[in-house]
Amino acid sequence: MTVSKTIQAIRGMNDCLPSQSPLWHKVEDAVKNVVSSYGYSEIRMPIVEVTNLFKRAIGEVTDVVEKEMYTFEDRNGDSLTLRPEGTAGCVRAGIENGLIYNQEQRLWYMGPMFRHERPQKGRYRQFHQVGVETFGLQGPDVDAELIMMTARLWRELGIDQHVRLELNSIGSIESRANYRTVLIEFLEQHIDILDEDCKRRMYTNPLRVLDTKNPAIQAILVDAPQLADYLDDDSREHFTGLCELLDAAGIQYQVNQRLVRGLDYYNKTVFEWITESLGAQGTVCAGGRYDGLVEQLGGKPSPAVGFAMGLERLVLMMETLELNEVRKPVDVYLVTAGEGTLINGMKLAESLRENVKGLRLMTHFGGGNFKKQFKRADKVGASIALVLGENEVAEKTVVVKDLIGGEQKTLTQSELAAYLTNAI
């Protein structure tokens, strides 16, 4: 007899187990509460889009498009791609549904993204992002608000002392084109030091060379022309205004003139929140302005700015910093023993779920003595046990046992809902 080999998850695509999901909920709930407090509305987009959307938005000479996208032909012969990021799809949805032209929108989304990268700690092939995007607002004030929003989230999660903010302005398309020319001239003078990746990027996307992690190339870039010297007046004024707003809000930052971001659609403001707690994968949130993208994807021109953050990295950071204490999934465990008690117990449990808002009650199934049932109650993390025997059914009472302090009392079943409302 042949034993079938068990099927494994695809490399870089991970299960989120019941023991892990409470921490995910904690992070996700904090995100939802913070973005809602700024008046942002949720949008949900498909995880599959036509491939050309990402080629036009991200840029064909980026690592994402060249090497990382999950692209396939469907049965109609159309080229489709699992979304590698959310901004392009959000812009497409906004244009298609008439949300952007002559309007102001403040949107957020959450969900899985897909990139075929080498899996490692903090970097996966299926990963989850929160994205926040605004349209129709062109001043530095909304840039500042997005950064303030992320700073508030770090405080909510308790990680604000473990992240730092880097800022830059990459100017307009025209100012970058002027800078691109002098940067290429500089790189050509040091071509013998450039690695293959930088040589490939030198003529197609030279600003990405500034983002290299190669120490030898970082050393020569110290003498490279500075993008700040080529900024247009509007970009320079915008960046000064942003810095003034952040200073007034007490948000610390560092200007990093090599910060350029990896996607082609950015202009003016770019920023990253970085941590030292996760080793090499130090960016937990990144974003910036992309004023030309709406027009680039076929819509009427509209200013836009946004950011994205990886949930896996936030969860990993919470675990690393031992901030992963979460509420147990069960508050109350119902123990029954004796003839007819389970039927009555299940009826009582439904009544309590109906009348106690937010109650998380688990009923014991499968029989067994009290010792076995209480052991199960401890295992699932319940703080209260409700004990229902034949006498309690007859008298319409229930024994309430505090599993933490050990005290117990008998209440009538009609008193139980009010008691649990105050106890949990």
Side-chain angles (χ1 to χ4, degrees), residues 52-69 84-85 87-88 115-118 123 166-236 238-239 254-272 274 280-283 286-293 295-297 304-308:
N52 199 40
L53 171 67
F54 302 112
K55 287 185 175 181
R56 286 172 60 182
I58 298 172
E60 294 204 42
V61 292
T62 58
D63 285 351
V64 173
V65 171
E66 286 184 328
K67 300 186 290 188
E68 297 171 3
M69 295 202 310
E85 56 94 57
T87 300
R115 295 188 188 182
H116 194 280
E117 300 184 277
R118 183 170 64 86
R123 187 184 289 271
E166 293 191 352
L167 286 179
N168 195 21
S169 176
I170 58 173
S172 65
I173 293 174
E174 293 79 12
S175 61
R176 279 205 310 284
N178 294 333
Y179 175 65
R180 185 179 184 275
T181 301
V182 297
L183 179 60
I184 291 173
E185 289 175 357
F186 173 83
L187 294 173
E188 285 175 336
Q189 295 170 21
H190 300 84
I191 196 164
D192 54 323
I193 299 175
L194 300 184
D195 57 29
E196 290 305 314
D197 202 33
C198 289
K199 287 178 182 176
R200 180 176 58 84
R201 288 171 166 168
M202 186 170 66
Y203 297 107
T204 57
N205 197 352
L207 269 68
R208 293 290 289 128
V209 177
L210 300 177
D211 208 23
T212 181
K213 302 299 185 286
N214 185 320
I217 302 171
Q218 287 179 335
I220 66 166
L221 289 174
V222 171
D223 298 321
Q226 298 295 311
L227 177 56
D229 295 334
Y230 293 83
L231 289 185
D232 54 289
D233 291 341
D234 183 46
S235 296
R236 189 174 286 109
H238 187 101
F239 192 63
Q254 177 184 349
V255 176
N256 176 4
Q257 294 193 11
R258 294 190 195 172
L259 177 61
V260 294
R261 304 293 302 129
L263 308 181
D264 279 1
Y265 51 61
Y266 286 109
N267 70 298
K268 290 186 178 175
T269 306
V270 289
F271 66 89
E272 289 187 359
I274 297 167
Q281 304 305 323
T283 302
R289 230 170 223 286
Y290 51 96
D291 294 333
L293 183 57
E295 184 177 16
Q296 188 177 320
L297 292 179
V305 59
F307 67 77

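In this chain, residues are counted from 1 in sequence order. No experiment lies behind these values; they were computed from the predicted model shown.
Summarising the geometry, atom CG belonging to N214 is positioned 9.5 Å from atom CG belonging to D197; distances are rounded to the nearest 0.5 Å. Note that CD1 of I274 is 7.0 Å distant from CG of L259, once rounded to the nearest 0.5 Å. Here CZ of F54 is found 10.0 Å from OG1 of T87. Values are rounded to the nearest 0.5 Å. Distance check: S172 OG to D233 CG gives 10.0 Å after rounding to the nearest 0.5 Å. Atom CD of residue E166 and atom CD of residue E272 lie 6.5 Å apart, to the nearest 0.5 angstrom. To the nearest 0.5 Å, the span separating CG on D223 from CD on Q189 amounts to 10.5 Å.
Scanning all heavy atoms of the two residues, the minimum distance from S169 to L231 falls at O-CD2, 3.7 Å. Among all heavy-atom pairs drawn from Q218 and R258, the shortest one is O-NH2, 3.3 Å. Nearest approach of P84 to I58, heavy atoms of both residues: CG-CD1, 4.0 Å. Scanning all heavy atoms of the two residues, the minimum distance from A228 to R236 falls at O-NH2, 3.2 Å. Looking at every heavy atom in both residues, P206 comes nearest to R180 through CG-CG, 3.4 Å. When all heavy atoms are compared, the tightest approach of M202 to L187 is SD-CB, 3.5 Å.
Residues E188 and I191 fail the side-chain proximity criterion, which asks for heavy atoms closer than 4.5 Å. With a 4.5 Å cut-off on side-chain heavy atoms, N168 and N256 do not count as touching. Using a 4.5 Å cut-off on side-chain heavy atoms (C-beta onward), I173 and N267 make no contact. Within the 4.5 Å cutoff, the side chain of R176 has no heavy atoms near those of the L183 side chain. Counting only heavy atoms from C-beta outward, the side chains of L194 and T212 never approach each other to under 4.5 Å. Looking at heavy atoms from C-beta onward, I170 lies out of side-chain contact with Y179 at the 4.5 angstrom threshold. The shortest distance between side-chain heavy atoms of E85 and R115 falls below 4.5 Å. At a threshold of 4.5 Å between non-hydrogen side-chain atoms, the residues L221 and H190 do not count as touching.
Applying the salt bridge (charged side-chain N to carboxylate O under 4.0 Å, His left out) test to E185 and every residue at least two apart in sequence or in another chain returns nothing. Residues passing the ring-ring contact (aromatic ring centres under 6.0 Å, His included) test with F307, sequence neighbours excluded: none.
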Subject >> Candidate pair K268 and V305, rule side chain to side chain contact (heavy atoms under 4.5 Å, CB included), full reasoning >> reply: CA-CA 10 Å; K268 290 186 178 175; V305 59; over 6 Å; no
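The environment of CD1 in I184 is crowded: more than 12 heavy-atom neighbours from other residues, nucleotides or ligands sit within 6.0 Å.
Ring geometry for Y290 against Y266 counts as perpendicular: the plane angle is over 60°, on a 0 to 90° scale with 30° as the lower cut.
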